[in-house]
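Remember, it's a predicted structure, so these values are computed and weren't measured experimentally.
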Amino acid sequence: MDQFLSLQLPSYSRTQLHRQIINTDVLVNGASAKPSYKVHTGDLIEVELPLPPITELVPDQIPLDIVFEDKEVIVLNKPAGLVVHPAAGIERGTLANALVAYLSENNRSGSPLRPGIVHRLDRDTSGLMVVAKTESAHQNLTEQFADRKVKKEYIALVYGQMRLVSEVINQPIGRHPTQRTKMAVLSKGRAAWSCYKVRKQYKQFTLVDVEIKTGRTHQIRVHLAHINRPVVGDDVYGSGQINQLRNQKMQTAITNLNRHFLHAAKLAFIHPSTNEYMYFSSPLATELEQLLTVIEVDNT
């Protein structure tokens, strides 16, 4: 398959196309396939290719909420609404653009288009991120993430009450077979592990802590939706849930939130050069606290 596509699409390398197949961005007769799949006469092949990438980041003077910084790393709070790095149709106003403006050329690591970025948060997820300022720190942190040594814990508010006080969701995730902008639990997807613990139950919601060992795209949102407890405010994986709420005031409060209720509250890693265990926590964003106040009133 990858060889066939490289002949049909000479502007893309075989390596790029191989990656697209692995990411389930190539369908054969409506189903995902392996790069080694042997193409047959009559096969219907659908390929979703990324737009030509930008070649240079424009510096943007975007304020950064820095929690910690030294010569090796930066730990910051990303606000909801800020995209981490450029993507199709988004070339300006990202965290990557802000880092190019903030860091001198000698204090940038990794790809020129993703300066210092070793992990990401969804656009509407707020909370803690670590950024590498040197190549050695970038490599070290990348390895820590790959080896699942970085502790990542989130706070999420979901629709409905949880059946269990805690639960491990160990379900593979891949590109949705028909809705290509979404992810889904798929038997042929990549391994994904999330564990939630109930923090507080409300009449119509549950506040949970979620720890993840893997970092798949939309992982927490997909896993919680998979057990029929989508994240509040998530119009992609929780569409229609808001209409089931009994309280019109509650519906309005969630609509006005303009984001989903997911916050990266805790982050811990080993410092790349000192080997010190670094632990950081971040309080909920103001708009999330305000929504909880509305829910508390409704719960009495």
Check whether any side-chain heavy atom of Ile66 lies under 4.5 Å from a side-chain heavy atom of Tyr102, and answer yes or no. yes
Non-neighbouring partners of Phe4 that pass ring-ring contact (aromatic ring centres under 6.0 Å, His included), sequence neighbours left out: none
Search all heavy atoms of Ala132 against all heavy atoms of Ala137 and return the closest pair with its distance. CB-C, 3.8 Å
side-chain contact (heavy atoms from CB on, under 4.5 Å) assessment of Gln16 paired with Ser6: CA-CA 9 Å; Gln16 287 177 302; Ser6 66; over 6 Å; no
What pair of heavy atoms forms the shortest contact from Pro177 to Leu186, and how long is it? CD-CD2, 4.0 Å
Do Gln144 and Leu141 have side-chain heavy atoms sitting under 4.5 Å apart? yes
Starting from Val118, can I reach Phe269 by hopping between I/L/V/M/F/W/Y residues whose side chains sit under 4.5 Å apart? yes
Would you list the pairs meeting ring pair (Phe, Tyr, Trp, His ring centres under 6.0 Å) in which at least one residue belongs to residues 111-136, sequence neighbours left out? His119-Phe145
Taking the side chain from Lys34 and the backbone from Ile21, do they hold a donor-acceptor pair closer than 3.5 Å? no
Heavy-atom side-chain proximity of Leu245 to Ile254 below 4.5 angstrom: yes
Tell me, yes or no, whether the heavy-atom count around Gln3 atom CD, taken from other residues, nucleotides or ligands under 6.0 Å, exceeds 12. no
I'd like to know if the side chain of Lys133 reaches the main chain of Ile74, judged simply by a donor and an acceptor atom lying under 3.5 Å from each other, with no hydrogens or angles considered. no
Using the salt bridge (charged side-chain N to carboxylate O under 4.0 Å, His left out) rule, take Glu211 and Lys266 through it: C-alpha gap first, then chi angles, then the decisive distance, then the call. CA-CA 9 Å; Glu211 182 181 358; Lys266 296 179 182 178; over 6 Å; no
Atom pairs and distances, side-chain donor-acceptor, residues 188-198, under 3.5 Å, sequence neighbours left out:
{"unit_1": "Ser194", "atom_1": "OG", "unit_2": "Gln219", "atom_2": "NE2", "d": "2.8"}
{"unit_1": "Ser194", "atom_1": "OG", "unit_2": "His223", "atom_2": "ND1", "d": "2.8"}
{"unit_1": "Tyr196", "atom_1": "OH", "unit_2": "Leu164", "atom_2": "O", "d": "3.4"}
{"unit_1": "Tyr196", "atom_1": "OH", "unit_2": "Glu167", "atom_2": "OE1", "d": "2.9"}

Determine the interplanar angle of the Phe68 and His271 rings, folded into 0 to 90°, and report it as parallel if under 30°, tilted if 30 to 60°, perpendicular if over 60°. perpendicular
Side chains of Phe261 and Leu207: does their closest heavy-atom pair fall under 4.5 Å? yes
Determine whether Asp60 and Arg92 satisfy the following criterion, salt bridge (charged side-chain N to carboxylate O under 4.0 Å, His left out), listing intermediate values before the conclusion. CA-CA 7 Å; Asp60 281 330; Arg92 299 288 300 273; 2.5 Å; yes
Go through it in stages, so that I can follow the logic: the residues are His218 and Lys182, the test is side-chain contact (heavy atoms from CB on, under 4.5 Å), and I'd like the CA-CA distance, side-chain angles, deciding distance and then a yes or no. CA-CA 8 Å; His218 303 173; Lys182 296 175 63 174; 5.9 Å; no
Drop me the distance from His40's NE2 to Asn29's CG, to the nearest 0.5 angstrom. 10.0 Å
Determine whether Leu9 and Val28 fall in the same hydrophobic cluster, where Ile, Leu, Val, Met, Phe, Trp and Tyr are linked whenever their side-chain heavy atoms lie under 4.5 Å apart. yes
Are Val236 and Val185 joined in one hydrophobic group, where the rule is that I, L, V, M, F, W and Y side chains link up if heavy atoms are under 4.5 Å apart? yes
Is a side-chain donor-acceptor pair under 3.5 Å present for Ser126 with His263? yes
Flag side-chain contact, heavy atom, 4.5 Å: Leu95 against Leu121: no
For the residue pair Ser109 / Glu135, report whether a side-chain donor-acceptor contact shorter than 3.5 Å exists. no
side-chain contact (heavy atoms from CB on, under 4.5 Å) with Ile295: of Leu291, Val297, Asp298, only one passes, and it is Leu291
Closest non-hydrogen atom pair between Pro115 and Val131, with its separation: O-CG1, 4.0 Å
Excluding sequence neighbours, so at least two apart, what forms side chain to side chain contact (heavy atoms under 4.5 Å, CB included) with Asn256? Thr252
Reported NZ-to-CG distance for the pair Lys200 and Leu292, which is rounded to 0.5 angstrom: 8.5 Å
Short side-chain to backbone donor-acceptor contact, Gln61 and Ala101, under 3.5 Å: no
Tell me whether Arg120 contacts the main-chain N or O of Arg123 through its side chain, where contact means a donor paired with an acceptor under 3.5 Å. no
Indicate yes or no for a side-chain donor-acceptor contact from Thr214 to the backbone of Arg216 under 3.5 Å, with no hydrogens or angles considered. no
Set out, in order, the CA-CA distance, both residues' side-chain angles and the distance that settles side-chain contact (heavy atoms from CB on, under 4.5 Å) for Asp70 and Thr274, then state yes or no. CA-CA 11 Å; Asp70 63 10; Thr274 67; 5.9 Å; no
Would a hydrophobic clustering, with Ile, Leu, Val, Met, Phe, Trp and Tyr connected at side-chain separations under 4.5 Å, put Ile62 with Leu57? no
Heavy-atom check, side chain of Glu287 versus side chain of Leu257, under 4.5 Å: yes
Within the structure provided, determine whether Ile155 and Asp209 are in side-chain contact (heavy-atom separation under 4.5 Å). yes
State yes or no: do Leu128 and Ile117 share one hydrophobic cluster built from I, L, V, M, F, W and Y residues joined by side-chain heavy-atom distances below 4.5 Å, directly or via other members? no
Under 3.5 Å, which donor-acceptor pairs link side chains of residues 224-232 to any protein atom two or more places apart or in another chain?
{"unit_1": "Arg229", "atom_1": "NE", "unit_2": "Gln161", "atom_2": "O", "d": "2.9"}
{"unit_1": "Arg229", "atom_1": "NH2", "unit_2": "Gln161", "atom_2": "O", "d": "2.9"}

When rounded to the nearest 0.5 Å, the distance separating NE2 of His138 from OG1 of Thr134 is 10.0 Å
Does any N or O in the side chain of Arg259 come within less than 3.5 Å of the main-chain N or O of Gly233, such that one atom is a donor and the other an acceptor? no
When rounded to the nearest 0.5 angstrom, what distance separates CE in Met1 from NZ in Lys38? 11.5 Å
What one should report as the nearest heavy-atom pair of Asn77 and Ser282 is OD1-OG, 2.8 Å
Value for CZ (Arg114) from CG (Leu99), rounded to nearest 0.5 Å, stands at 13.0 Å
Let me see the working for Leu76 and Asp65 under side-chain contact (heavy atoms from CB on, under 4.5 Å), right down to the final yes or no. CA-CA 6 Å; Leu76 56 83; Asp65 181 7; 5.7 Å; no
If you compare all heavy atoms of Met162 against all heavy atoms of Thr206, which two are closest, and at what distance to 0.1 Å? N-OG1, 3.3 Å
Take a 6.0 Å sphere around NZ of Lys249 and say whether it holds more than 12 heavy atoms from other residues, nucleotides or ligands. no
Is any side-chain heavy atom of Ile173 less than 4.5 Å from a side-chain heavy atom of Thr217? no
Arg175 and Asp25: salt bridge (charged side-chain N to carboxylate O under 4.0 Å, His left out), yes or no, with the steps? CA-CA 7 Å; Arg175 184 77 60 182; Asp25 290 329; 3.2 Å; yes
Shortest non-hydrogen pair, Asp124 vs Gly81, comes out as OD1-N, 3.7 Å
With a 3.5 Å distance limit and no angle check, can you tell me whether Asp43 reaches the backbone of Ile45 through a side-chain donor-acceptor pair? no
Looking only at side-chain N and O atoms, does Asp234 offer a donor or acceptor that is under 3.5 Å from a partner on His260? no
Please enumerate all residues that pass side-chain hydrogen bond (donor to acceptor under 3.5 Å, both in side chains) together with Thr15, with sequence neighbours excluded. none
